[in-house]
Amino acid sequence: MSGMTGMGAAWRHLRTDRSAVGSRVDPAVVRRVLGAAVPHRRLLAGFGTVTVLDALLVVVTPLLVQRLVDDGIVAGEVGVIVWVAVAIAGVALVDAAFGVLGGWLSARIGEGLIRDLRIQVFGHVQRQGLAFFTRTQTGALVSRLNNDVVGAQRAFTTVLSNVVANSVSALVVGITMLALSWQVTLLCLVMFPLLFVVSRWVGARLAVLTREQMDGNADLGNVMTERFNVGGAMLLKLFGRRTEEDVNFALKATRVRDVGVRIALLTRLFASVMLLVPALATALVYGVGGYLVVRGELTLGTLLALATLLLRLLGPLQGLSNVRIDVMTALVSFERVFEVLDLPSTVVERADAVPLQFAAGSRGVRLELDHVGFAYPDPATTTLASLETVGGADRGRGSEPVLHDVTFVAEPGETVALVGPSGAGKTTITHLVARLYDVDRGTVRVAGHDVRAVTLDSLEDVVGYVTQDSHMFHDTIGANLRYARPDATDEQIWAALEAARIARLVRSLPQGLETVVGDRGYRLSGGERQRLAIARLLLKAPPLVVLDEATAHLDGESEQAVQEALATALDGRTSLVIAHRLSTVRSADQILVVDGGRIVEAGTHPELLARGGLYAQLHGTQLVDDTPVTR
Ligand SMILES: Nc1ncnc2c1ncn2[C@@H]1O[C@H](COP(=O)(O)OP(=O)(O)OP(=O)(O)O)[C@@H](O)[C@H]1O
């Protein structure tokens with residue numbers, strides 16, 4: 001460690017984004033960072049000790065060289081030569097051992113810190129309300145979880161080793177050199193300011209270029225991720241924009257190339273200066289020192305020791321000149337992580353929340369919406385601007401109310417169908433049932449309890465959702481199903497698959513339950529995916545089911561399979577269904593017609609038809625006639 005290359009360390013600093021340096025050190029952030037380090041204090045103490053001892057070793061070898069030359073070679077004492085040479089080897093061994101030990105300790109501290117921060121951020125993000133995820137760009141969030149957390153860790157251990165090791169080394173080397181020959185030392189030190197001037201100049205320019213390069217690369221990355229997925233690629237093909245896309249991409253790639261070339265040029269310049277200054281200083285040491293040796297004012301050994309020490313001063317001095325950048329960069333990374341940790345969730349479990357109780361095996365639970373009013377939360381409160389998908393132009397503007405005075409009751413075991421024009425608020429109503437969002441006015445009650453008064457886990461156990469595009473993780477069919485019920489036996493899983501009319505397909509797959517599905521796995525058709533989601537729901541067996549019926553036309557056979565599976569899933573449960581099919585509304589106990597966020601009509605199919613209102617209009621245009629032609 002003591003032989004650290006000044007060049008590598010200096011270069012890393014130059015590439016550091018200096019935008020952080022202008023900001024102020026926030027004592028609160030510093031306190032939190034220290035708090036995060038507390039669990040690792042023993043390792044930190046060990047790391048500090050090893051670093052200091054290692055830094056002290058920097059001067060030992062040059063001093064041994066002095067003895068070797070003066071007392072051994074010049075004096076013709078072979079014994080001394082052997083003794084000192086062995087000692088030099090010993091120091092090298094100890095140095096190497098300290099290097100390994102220090103590296104291990106710093107990795108333990110750093111990786112431990114990453115682990116702690118990752119677990120905290122993951123847990124916190126998981127508990128965010130749905131509003132957070134509708135606004136947040138997944139890439140930006142994942143990068144925050146990966147890069148910033150790693151950045152915080154790296155900066156933290158860098159600051160530690162930089163400040164401690166470099167201060168001790170610079171101090172010890174400086175004092176030793178002065179003690180050996182203050183004249184030569186002062187003369188050499190005159191050269192060093194030149195190094196700082198150049199490195200600052202290059203650093204300032206590189207900071208700007210580095211940022212440009214990062215932005216440029218991120219830009220390229222975004223273009224690719226947005227277009228190289230099924231949705232984006234489809235859009236590209238449907239609108240025939242290939243040539244424009246090529247040109248746009250080429251422009252961005254050119255920008256990245258130009259910045260890259262300029263960075264390379266500055267790098268070479270910097271490298272040359274970094275080599276030149278010590279070389280000139282060495283020339284000075286040998287020139288002036290050699291003269292002093294001839295005049296008998298300096299021994300040959302001392303001259304050689306000075307020359308060696310000089311080179312060992314470079315790295316620590318360079319490192320110390322960048323301590324502020326290191327500290328600020330570390331704090332900025334930490335701040336960005338803390339920013340995510342401090343974002344409050346829109347849906348929070350009350351401290352006095354109780355588990356939602358319902359009689360096991362009951363025919364569903366009662367669902368009641370009581371004068372519910374709702375507006376989607378203001379984007380400013382749901383996510384961080386830096387994590388948003390859109391420009392955030394609507395931040396802070398608040399949202400218009402989407403639901404007004406919505407009141408209805410679904411008795412245990414009843415099916416309530418929601419129908420209405422697009423954008424009327426049907427999906428929004430379903431979101432309020434499992435508290436994906438909180439109401440602004442009125443109350444949502446499940447089994448007689450206000451959903452805000454019960455624990456989120458117990459509420460999630462009671463309510464099951466099957467959406468049009470139910471998500472499957474990139475995992476096996478078995479694992480996806482067990483997500484609903486980890487202790488399910490294979491028999492129970494097959495029973496659920498059977499009931500969801502998908503068992504035959506799973507059996508026909510070569511790997512059966514072990515078949516990997518999801519984004520990058522086996523391509524399930526719309527109908528298959530929905531039936532698998534129904535099987536998952538059946539395993540969970542919630543007494544209240546929220547269902548968004550498929551609007552897409554499936555082929556006759558899957559259509560019938562999905563309908564049968566749904567009939568099984570809803571049987572004996574309370575259900576709230578966004579209905580798109582005639583068969584569903586006909587069999588529903590109650591149909592609610594939603595328009596402009598209000599329930600404008602309610603009743604059974606014949607009642608509403610007879611009324612001749614909005615339902616009668618929608619009936620002909622919006623509902624898929626899937627009733628078998630038996631009449
Ligand atoms: N996450 C959201 N943030 C802000 N506004 C939203 C959000 N989701 C939906 N809206 C708005 O709320 C209103 C109701 O939307 P909702 O999705 O509930 O309608 P819907 O009846 O289910 O429509 P569709 O049948 O087309 O799915 C719409 O004006 C919509 O733009």
Side-chain angles (χ1 to χ4, degrees), residues 125 128-138 141 343 345-347 367 369 372-385 387-408 410 416-442 444 463 465-471 526 530 533 545-553 575-582 584-585 588 590-602 608 613-615 617-624:
V125 169
Q128 287 294 323
L130 196 63
F132 173 83
F133 298 96
T134 60
R135 301 281 307 189
T136 304
Q137 196 175 15
T138 316
L141 180 63
L343 187 73
S345 175
T346 45
V347 175
L367 167 69
L369 267 73
V372 164
F374 175 76
Y376 278 98
D378 178 352
T381 63
T382 54
T383 182
L384 301 166
L387 295 178
E388 275 194 62
T389 330
V390 281
D394 54 348
R395 289 179 76 81
R397 280 206 318 195
S399 309
E400 291 293 308
V402 173
L403 297 180
H404 312 267
D405 202 26
V406 172
T407 298
F408 70 87
V416 172
L418 296 171
V419 282
S422 178
K426 305 178 293 290
T427 311
T428 308
I429 293 178
T430 64
H431 281 162
L432 301 179
V433 177
R435 234 192 132 190
L436 299 180
Y437 294 91
D438 270 340
V439 297
D440 296 323
R441 285 163 199 277
V444 176
V463 190
Y465 277 81
V466 178
T467 52
Q468 285 204 25
D469 186 22
S470 295
H471 189 73
Q530 205 168 26
V545 175
V546 176
L547 167 71
D548 191 355
E549 266 189 334
T551 39
H553 282 283
S575 52
L576 185 62
V577 183
I578 301 181
H580 299 290
R581 297 173 183 281
L582 209 51
T584 313
V585 283
Q590 197 186 162
I591 301 166
L592 305 174
V593 184
V594 187
D595 191 21
R598 293 175 198 279
I599 296 181
V600 291
E601 290 171 23
L608 291 175
L614 180 58
Y615 181 77
Q617 280 175 35
L618 291 172
H619 166 249
T621 52
Q622 299 236 322
L623 296 172
V624 178

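It should be emphasised that the depicted structure is a prediction, and the values quoted were computed from it without experimental measurement. Numbers here are sequence positions counted from 1. Atoms within each ligand, like the ligands themselves, are counted from 1 in listed order.
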Tyr437 and Tyr376 aromatic ring geometry - parallel, tilted or perpendicular at 30°/60° bounds: perpendicular
May I ask you to decide if Thr430's main-chain N or O and Tyr465's side chain share a donor-acceptor pair within less than 3.5 Å? yes
Pick one: which of Thr467, Thr584, Asp548 meets side chain to side chain contact (heavy atoms under 4.5 Å, CB included) with Ile578? Asp548
Student check: side-chain heavy atoms of Leu343 and Gln128 closer than 4.5 Å: yes
Flag side-chain contact, heavy atom, 4.5 Å: Leu576 against Leu418: yes
List the residues meeting side-chain hydrogen bond (donor to acceptor under 3.5 Å, both in side chains) with Gln590, not counting sequence neighbours, and say none if there are none. none
Got the residues with a heavy atom under 4.0 Å of ligand 1, by chain and number? Tyr376, Val402, Pro421, Ser422, Gly423, Ala424, Gly425, Lys426, Thr427, Thr428, Tyr437
